[in-house]
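See below for the structure under consideration.
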Amino acid sequence: MGSNQIQAPKGTRDLYPADAAKRRFVTEAWRKVSVRHGFDEIDGPTFEHLALYTVKSGEGIVSELFSFRREGGEQDYALRPEFTPTLARMFAARAGALPRPTKWFMTGPFFRAERPQRGRLREFLQWNVDVLGDPSPQADAEVIACCVALLRDLGFTPEHLRVKVNHRDALAKWLVARGVEAPRHADLFKLLDQRGKLPPDQFVAGLAAFGFNAQQAEVFIKGVIRVEIPPGATSVEVAGERVTREQLGVQDHPEEPADLTFFSDAVRPLAVALANAGVLDWVDFDLSIVRGLAYYTGMVFEVHEATGAERAVAGGGRYDNLVELFGGPPTPAVGFGMGDVVLTLIMQDKGLMPDETGMLERAGMRPDVFVISNGVPEAEAQLHPLVASFRAAGLHARHTSKATRNVGKLLKEAGDCRARHAVIIESGRSCTIKDMGTGEQRQLPLDQALGTLTTPR
RNA sequence: GUGGCCAUAGCUCAGUUGGUUAGAGCACCGGGUUGUGAUCCCGGGGGUCGCGGGUUCAAGUCCCGUUGGCCACCCCA
């Protein structure tokens, strides 16, 4: 690279054809699962007034944004770092006319002025899924179910990824019941959020300050509280505490899963909804998931690689006060965002990224036909008209740009670009169609080639 | 914003205590082997060694700075 070459900006990606196909593969998966689950696609501007972001997050956010002012202008703008403010703005603007619930999704680029590191870039794609106007746990479960469906579509299993769910109200209630009063919750949440980064003994010491003994600290260290009361049993011991069926709230519901957390007064309906959605096997209730502290009001969740490697694949939760904050009517809402960077990293690590043929296939980019002339003048004259007729009929048709008419080399080129069929023109009126997958081929009149390729067998 | 490691062809890399016009494999391009995705053969393009400065008779190699990458911290909406 010479001194006059300008590099791509820090934290951005150049997408060559194979990379663009991968991105298309992921965004198509996002779109398909969203539509299947009844969400309508929306999008907003990729830049907004700077104030839209400082209203919610304060001035401190500005250093994390790409913000700018037009030369000679007086307005401050920022490239969007997240979608929620735009979503709230859009909903607020038409709140009176929108159905309840309103189910929206979008995919698109977002920008954050952070230093790049593993799983985090300055420009990335994000999928946002939200339900507005429905306060029920069913809505919570619905967005989680949509998220899990995407993971399934991409080939993940509950052994690869875990959906870590918490409930801030439930956690707060549970803490109060154990003598940790509300004013201290913020500090405790911060401690919980830091769990992965603190040395274990320091974390235990921190919890001791809130009155938790070593045994109870174990619950937080493991991060996962999963209480299963075996059929017939009435209680089970968890981290030094005896938990009864009654406490789980399932004593009257023998048909419901007894696989709940022991702070389940508030969580039980959510757990039941998740069970009904068929995704409970992906879910761990995890007290350490608190999602910053920003604006979540109830359920919160993150998707993590099962061993805890990598940063979160997705995160979201309930934000019942936010639409009002952006000038709309009081509106309960729940949703999540998923970035492409960590998702793609883990897919590659787990061997779930399709090979090139599969990727082009699922991205709809595989050529239907590769047209070859054997070089005789009569065949040569038919090459471009035939390609044109294929394309006019809607087929993805290619031909070589090379000078050689060596059929072997040209078939190799057809194979390299993953064409489904090759058509070898051998005279003014005859050609051979070869199925590149099976190797089968047959000769037929040239004027039947188009019909053969466009007619499903 | 802080710190560590790194930078030679599109990719993966070699390049001696500093010493002539900087190399290989793969990929790419052209040709050949009777018109079938292979193998093989011949030929070709492509790098002022990320960039800038310094030391030296001489710098891909040593020093400083800078840009970018990777990783961690801060942060993570």
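Chain letters run A, B, ... following the sequence lines, proteins first and then strands; every chain starts at 1.
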query = When rounded to the nearest 0.5 angstrom, what distance separates CG in A:N166 from CZ in A:R291?
reply = 12.0 Å
ask   = Would you call the rings of A:H384 and A:H399 parallel, tilted or perpendicular if under 30° counts as parallel and over 60° as perpendicular?
value = perpendicular
message = Given the structure, check if the side chain of A:R115 and the base of B:G69 hold any donor-acceptor pair shorter than 3.5 Å.
response = no
inquiry  = So, OP1 or OP2 of B:A77: does either fall under 4.0 Å of a side-chain N or O from A:R291?
reply    = yes
key: Distance-only donor-acceptor test, A:E413 side-chain atoms vs B:G37 base atoms, 3.5 Å   = no
ask   = RNA chain B: A:T12 or A:A113, which has the more 5' nearest nucleotide?
value = A:T12
task = Fit a plane to each ring of A:H185 and A:F189, take the angle between them on a 0 to 90° scale, and name the class: parallel (under 30°), tilted (30 to 60°) or perpendicular (over 60°).
result = parallel
inquiry  = With a 4.0 Å cutoff (strictly under), does any side-chain N or O of A:K412 reach OP1 or OP2 of B:U36?
reply    = no
inquiry  = Between A:Q443 and A:E426, do the side chains contain a donor N or O and an acceptor N or O under 3.5 Å apart?
reply    = yes
note = One should report the stems of RNA chain B, each a stretch of at least three consecutive Watson-Crick or G-U pairs at distances under 3.5 Å, as B:1-7 with B:67-73, B:10-13 with B:23-26, B:28-32 with B:40-44, B:50-54 with B:62-66
message = Could you check whether A:R122 pairs with A:E114 (Lys NZ or Arg NE/NH1/NH2 to Asp/Glu carboxylate O, under 4.0 Å)?
response = no
task = Flag the pair A:E181 and A:R184 as a salt bridge only when some basic side-chain nitrogen lies within less than 4.0 angstrom of an acidic carboxylate oxygen.
result = no
ask   = Taking for each residue the nucleotide of RNA chain B with the nearest heavy atom, is it A:E302 or A:R120 whose nucleotide lies nearer the 5' end?
value = A:R120
inquiry  = Counting only side-chain nitrogens and oxygens, does A:K434 get under 4.0 Å of the OP1 or OP2 atom of B:G37?
reply    = no
query = Does OP1 or OP2 of B:G69 have a side-chain N or O of A:K10 closer than 4.0 Å?
reply = no
request  = Could you check how far CZ of A:R13 sits from C1' of B:G69, rounded to whole Å?
outcome  = 15 Å
